[in-house]
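Heads up: the structure comes next, in C-alpha cells.
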Amino acid sequence: MCVLGLGLIGGSVLRAASAAGRKVFGYNRSMEAVQGATFDGFDASENLDATLQRAAADKALIVLAVPMPALPTMLGHIRGAAGECPLTDVTSVKGAVLQQVTEFGLLDRFVGGHPMAGTAHSGWAAGNPGLFIGAPWVVSVDDHVDAQVWTQVTQLALDCHAVVVPARSDEHDAAAAAISHLPHLFAEALAVTASEVPLAFALAAGSFRDGTRVAATAPDLVRAMCEANDSQLLPALERGIDLLTRARDALAAHGSVADLVEAGHAARMRYDSFSRPEIITTVVGAENWRAELAAAGRAGGVIRSALPVLGSRG
Ligand code: NAD
C-alpha cells in the first residue's frame, strides 16, 4: 500500500495499516515529514515518481491523502507512473474528487473514501494509529466502482479499525455539508461573535470550547473542504440561516426561542438513539450490490467485517 501525503490523515493511515501488518510505504513533499516518518521507523520518501514507480511494480493500493487543491498534480503523476494501480482517497468531499479523477482518466480503478475522523492539528507529528478506531469511514458505491477495488478499500478501512459506511458520492456530500462543513462555518461565526464581546474569553467554558473546537482547524483546510462542496453547502447554509433568522424574529417579537430549541433538542435525541445495524448479507459484485449497499448505508447500516464477494470462496 502506498500513501501520498503523510499529514494528519495520511500519517495516521500509514501507521494504522502498518500496525495491522500491511506492507506500506509513503511519499511526502516536505522533508520534515519524511524525516519524521523515517525516524519513527516507517518507509517514506520525498521522491514522488520513484514512490509511484514502486507502487506500480507492487500493484499497490494508492491512498491520496493530500488536500483538494493538490489533487490535479498528484493525479497527473499517478496517470503517468501508476495508472493501473487501485486508487482511493481520504478527501472530505467526494463529488469534486470524482470529477477530477474522471478528467484524468483514472475512474476505472478508483473508489473514493472518507474517514470521518480528525483533529484540529496537521502534519506527520499529529498522526496516530488509533485515529480511526470505531470511526465511520465512507467507501463510495458510485455506479462505476469495481467490486475488487471496492473490497480492497473496504479492507483498508477495516484494518484501521473503522466501521465502513457505503454511500454514493453525491449523498455523502449532502450529508458532509450538514454534519461537517456547516458546523465549521457556525464554529467560525461563534468564535468571531465571542471575540467581539469584552470578558467573553475570560468566562468561556465547555459550551464555547465544544462549539468552536473545529474553528482551530487550519483555515486552508476548512476553505478547501467548504469551497469544494459549495453546491451542497449553500442549501445547508441557507437552511441554518433561516432557522436562526426565525429564532431571532421570534425572540424579538415574543421573547421566545422555543421553536428552535425544541426542534433542535428533538433532532439531537433522534441522533442519540440512531441505530447502526451491521450489514452482513450483501454479496459484493452480485446484481445491484452497489444500490443495495447505498440503501443500507442510508438507513444507518455499517460494515464491521469483510463482506462475501461474488465468485470467491469462504
Ligand atoms: P495535513 O495538513 O495534516 O496533511 C496534508 C498533507 O498533504 C501533507 O503531507 C502535505 O505535505 C501534503 N500536501 C499539501 N499540499 C501539497 C501539494 N501541493 N503537493 C503535495 N503534497 C501536498 O492535512 P490532513 O488533515 O491530513 O488532510 C489531508 C486530507 O484529509 C484532506 O483532503 C482532507 O480533506 C482530508 N481529511 C481531513 C480530516 C481532518 O480532520 N483533518 C478528516 C478527514 C479527511
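First listed ligand is number 1; within each ligand, the first listed atom is number 1. This chain uses plain numbering: 1 for the first residue, then up along the sequence. All of these numbers come straight from a predicted model, not from anything done at the bench.
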Nearest 0.5 Å, please: how far is OG in Ser12 from CH2 in Trp124? 8.0 Å
Heavy-atom closest contact (Ala82 atom, Leu52 atom, distance): CB-O, 3.7 Å
Could you tell me whether Asp159 and Arg22 have a side-chain N and a carboxylate O separated by less than 4.0 Å? yes
Would you please write out the protein residues whose heavy atoms approach any atom of ligand 1 to under 4.0 angstrom, listed by chain and number? Gly5, Leu6, Gly7, Leu8, Ile9, Asn28, Arg29, Ala65, Val66, Pro67, Ala70, Met74, Val90, Thr91, Ser92, His114, Pro115, Ala117, Gly118, Thr119, Ser122, Gly123, Leu221
Run the salt bridge (Lys or Arg N to Asp or Glu O under 4.0 Å) test against Arg298 and tell me which residues pass, sequence neighbours left out. Glu171
Salt-bridge contact Asp242-Arg239 (side-chain N to carboxylate O under 4.0 Å): yes
Are Lys23 and Asp58 ion-paired here, with the side-chain N under 4.0 Å from a carboxylate O? yes
